[in-house]
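These notes concern the structure reproduced below.
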Amino acid sequence: MSNPSPSSSRIAEILRAGQPDETVAVCGWVRTKRELKKFAFVEINDGSSMANLQVVLDPELPSYTDLLKQIQTGASVEIVGQLVESPAKGQRLEMKASNVTVVGESDGETYPLQKKRHSFEFLRTIAHLRSRTNTLGAVFRVRNAASNAIHEFFQERGFMWVHTPILTASDCEGAGEMLGVTSLDLANLPKTDKGAIDYGQDFFGKPAYLTVSGQLEAEVMAMAFSNVYTFGPTFRAENSNTSRHLAEFWMVEPEMAFCDLVGDMDLAEAFLKYIFSAVLEQCPEDMEFFNKRIDDTVLDRARNIIDSGFERVTYTKAIEILEKADRKFEYPVEWGTDLQSEHERYLAEEFFKKPTVVYDYPIGIKAFYMRANDDGKTVAAMDVLAPGIGEIIGGSQREERLDDLTKRIEAQGLDVADYWWYLDLRRYGSVPHAGFGLGFERLVQFLTGMGNIRDVIPFPRAPLSIDF
RNA sequence: UCCUCAGUAGCUCAGCGGUAGAGCGAUCGACUGUUAAUCGAUUGGUCGCAAGUUCGAAUCUUGCCUGGGGAGCCA
């Protein structure tokens with residue numbers, strides 16, 4: 001494709017700073033075309049903003065009639081023209097086209113995206129095209145802004161971004177179904193004398209999986225660099241069919257040496273406030289759109305997150321609140337059992353009406369690496385419960401005492417030998433440390449108000465779903 | 001995995017024992033700057049799949065598949 005002169009501009013920039021009489025070139029896709037007798041309007045979008053650029057096509061353009069036939073919804077075009085103040089309401093500027101090139105045609109009869117509202121269910125069946133819609137476009141711009149803000153937040157605070165492995169040999173938490181990875185011929189598996197699968201012949205010489213968390217490796221790196229974070233894909237093979245679960249999702253996991261649970265909660269709160277501020281500042285148009293069309297509490301919620309402190313309650317106190325609640329729960333409230341979705345929702349949405357941090361959970365329901373409190377009954381774990389979303393962050397102070405950690409691994413029926421390197425961290429210069437994990441897609445859901453997690457990731461993976 | 005609701009035109013749905021409908025889209029035409037333009041016409045379907053009940057099934061029954069919502073598990 002020849003380089004237009006002057007070189008092409010992004011539509012967001014034109015709409016923001018363009019001046020009348022300026023000659024510009026734009027490249028993008030046709031959102032809609034309105035033909036009138038004397039001229040035609042074409043709306044062009046290049047993904048840089050929610051708003052389109054309105055282009056006026058005059059019949060004096062060369063081969064005007066043929067051109068109009070080719071400019072159908074979905075077609076890609078390159079247009080050079082002069083910016084003019086729009087005589088009609090709806091936009092400050094529009095473009096009077098002087099040169100139009102149809103780069104790629106689009107057959108209006110078969111193009112699946114129509115000039116009308118589509119259901120998200122339908123858009124999921126055309127995931128390769130849905131990013132061209134207003135809503136998904138806004139979601140992915142917000143997703144990008146949030147990703148960038150995450151790096152800014154940690155980098156500004158001196159955290160090092162560390163790349164933890166995606167392939168792993170250990171199920172680090174002893175929980176959660178994992179997806180296996182193998183180079184063995186599944187139709188002709190090698191067997192040992194005892195009839196078991198002979199993983200000795202597999203690529204790594206032992207069973208391998210996709211990671212369910214980078215936490216243990218992040219702890220390794222924190223023991224050298226003090227403050228680190230991971231931000232990458234993680235995988236779960238759980239048969240979860242809900243609007244809040246994916247088989248492949250992105251997780252943010254900071255890990256801080258010389259830090260306790262209070263420092264961990266402080267970081268989680270500062271983190272969420274930072275991300276919300278950054279997204280409101282960078283994507284005001286998209287956030288307005290979500291507030292107007294998806295969930296009219298999005299903006300109030302965001303300001304509430306930024307301006308007000310999070311509520312912090314111990315698990316024990318939370319149980320007391322739930323026991324006194326003037327309401328019937330489907331699941332019983334009892335000290336020692338995990339909080340159910342309905343309990344978490346009551347706390348965050350009805351009782352406190354703000355993000356709520358529940359901490360000091362019973363030792364029996366939490367993972368082995370969480371640090372035992374002095375009461376002998378609880379561990380220094382915390383969950384951040386977001387109104388409307390539920391658990392968005394889960395974190396803890398880690399058990400740094402070798403003896404205690406070894407006992408906990410044994411108590412959960414895990415093989416201590418598998419954790420030799422993890423235990424080594426407690427042998428050589430062990431320090432109190434803490435961290436948390438945040439499901440990135442849940443954060444994007446929380447930001448945008450989108451109801452289904454499959455609509456906040458471009459290519460969702462879920463049970464029986466990997467078509468795009 | 002469990003509970004529940006649904007699958008009819010490209011999309012969103014109505015029809016719920018007598019042989020298929022609407023709106024939108026698309027196409028064509030009209031139209032003094034339109035904003036998901038408007039107006040008119042045209043186009044459009046193995047009624048998710050399989051078996052069964054019946055003179056007759058989109059409609060009733062059973063099984064399966066797919067999707068939504070909720071739950072469990074979790075992030």
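Just so it is clear, the values below take in all heavy atoms, side chains as well, and ignore hydrogens, waters and symmetry mates. Within every chain, numbering begins at 1; the chains are lettered A, B, ... in the order of the sequence lines, protein sequences first and strands thereafter.
- Considering only side-chain atoms of A:Leu464, the nucleotide from B:A71, B:A36, B:U66 that sits closest is B:U66.
- Note on A:Phe440: nothing from the nucleic acid sits closer than 4.0 angstrom, heavy atoms only.
- Ring planes of A:Tyr422 and A:Phe368: perpendicular class, angle over 60° (limits at 30 and 60°).
- A:Arg124 is listed as a side-chain neighbour of A:Arg454, based on a closest heavy-atom distance under 4.5 Å.
- Among the atoms of the strands shown, only primed sugar atoms or phosphate atoms (P, OP1, OP2) are found under 4.0 Å from some heavy atom of A:Phe122.
- Across all strands shown, A:Arg31 has no heavy atoms under 4.0 Å from either base or sugar-phosphate atoms.
- When the P atom is used for both B:U4 and B:A9, the distance is 27 Å, rounded to whole Å.
- At a threshold of 4.0 angstrom between heavy atoms, the contacts of A:Glu43 include nucleobase atoms, whether or not backbone atoms are also involved.
- Ring centroids of A:Phe440 and A:Phe231 are separated by less than 6.0 Å, placing the two rings close together.
- Nucleotides B:A58 and B:G21 are separated by 14 Å at their P atoms, to the nearest Å.
- Note on A:Arg345: a side-chain N or O is less than 4.0 Å away from OP1 or OP2 of B:A71.
- Considering only side-chain N and O atoms, A:Ser119 lies nowhere under 4.0 angstrom from the phosphate OP1 or OP2 of B:C11.
- Side-chain proximity of A:Lys37 to B:C31, B:A36, B:G68: nearest is B:C31.
- Atoms CD and NZ, from A:Gln70 and A:Lys33 in turn, are 10.0 Å apart once rounded to the nearest 0.5 Å.
- Side-chain polar atoms of A:Asn291 and A:Asp296 form no donor-acceptor pair below 3.5 angstrom.
- In this structure, the side chains of A:Phe290 and A:Leu447 stay at 4.5 Å or more apart for every pair of heavy atoms.
- Nucleic acid contact for A:Glu330: none, since no nucleic acid atom lies under 4.0 Å from a heavy atom of the residue.
- Residue A:Pro112 is classed as having no contact, given no heavy-atom separation below 4.0 Å to the nucleic acid.
- Closest to the side chain of A:Lys116, out of B:G33, B:C74, B:G25, is B:G25.
- Within 4.0 Å (heavy atoms only), A:Phe120 reaches no atom of the nucleic acid at all.
- Looking at the side chain of A:Lys115, the nearest of the listed nucleotides B:G69, B:G72, B:G25 is B:G25.
- Residue contacts shown for A:His118 are limited to sugar-phosphate atoms, with no base heavy atom under 4.0 Å away.
- Here A:Asn241 lies in heavy-atom contact (under 4.0 Å) with a base.
- Considering only side-chain N and O atoms, A:Arg34 lies nowhere under 4.0 angstrom from the phosphate OP1 or OP2 of B:C31.
- With hydrogens and angles ignored, no donor-acceptor pair under 3.5 angstrom links the side chain of A:Glu238 to the base of B:U1.
- Place A:Gln114 and A:Glu109 on RNA chain B by their nearest nucleotides, and A:Gln114 ends up nearer the 5' end.
- Taking the side chain of A:His245 as heavy atoms from C-beta on, and the options B:G70, B:G33, B:C74, the nearest nucleotide is B:C74.
- In this structure, A:Ser86 reaches the bases: a heavy-atom distance under 4.0 Å links it to at least one base atom across the strands shown.
- Taking atom P in both B:G67 and B:A30, the straight-line distance is 46 Å, to the nearest Å.
- Of the candidate nucleotides B:U27, B:U34, B:C73, B:C73 has the atom nearest to the side chain of A:Gln340.
- Note on A:Arg124: a side-chain N or O is less than 4.0 Å away from OP1 or OP2 of B:G68.
- Where A:Thr242 and A:Pro463 each meet RNA chain B at their nearest nucleotide, the meeting point lying more 5' is that of A:Pro463.
- Dashed line: the shortest gap from a side-chain N or O of A:Gln91 to OP1 or OP2 of B:U34 is not under 4.0 Å.
- Counting non-hydrogen atoms under 4.0 angstrom, A:Leu246 reaches a base of the nucleic acid.
- Judged by Watson-Crick or G-U wobble contacts below 3.5 Å, the nucleotide B:G29 has B:C39 as its partner.
- Remark: aromatic rings of A:His343 and A:Phe329 are close, center separation under 6.0 Å.
- Among the atoms of the strands shown, base atoms are found under 4.0 Å from some heavy atom of A:Ser240.
- Checked against B:A71, B:A36, B:U1, the side chain of A:Asn239 finds its nearest nucleotide in B:U1.
- Residues A:Val56 and A:Glu94 come closest through the heavy atom pair CG2-OE2, 3.4 Å.
- As judged by a 4.0 angstrom heavy-atom cut-off over every strand, A:Glu35 is placed among the base-contacting residues.
- Separation of the C1' atoms belonging to B:C3 and B:U19 is 37 Å when rounded to the nearest angstrom.
- Residue A:Thr32 has no polar side-chain atom (N or O) positioned under 4.0 Å from OP1 or OP2 of B:A36.
- Residue-level contact check: A:Glu94 touches the bases, meaning some heavy atom is under 4.0 Å from a base atom.
- No donor-acceptor contact under 3.5 Å links the side chain of A:Glu121 to the base of B:U66.
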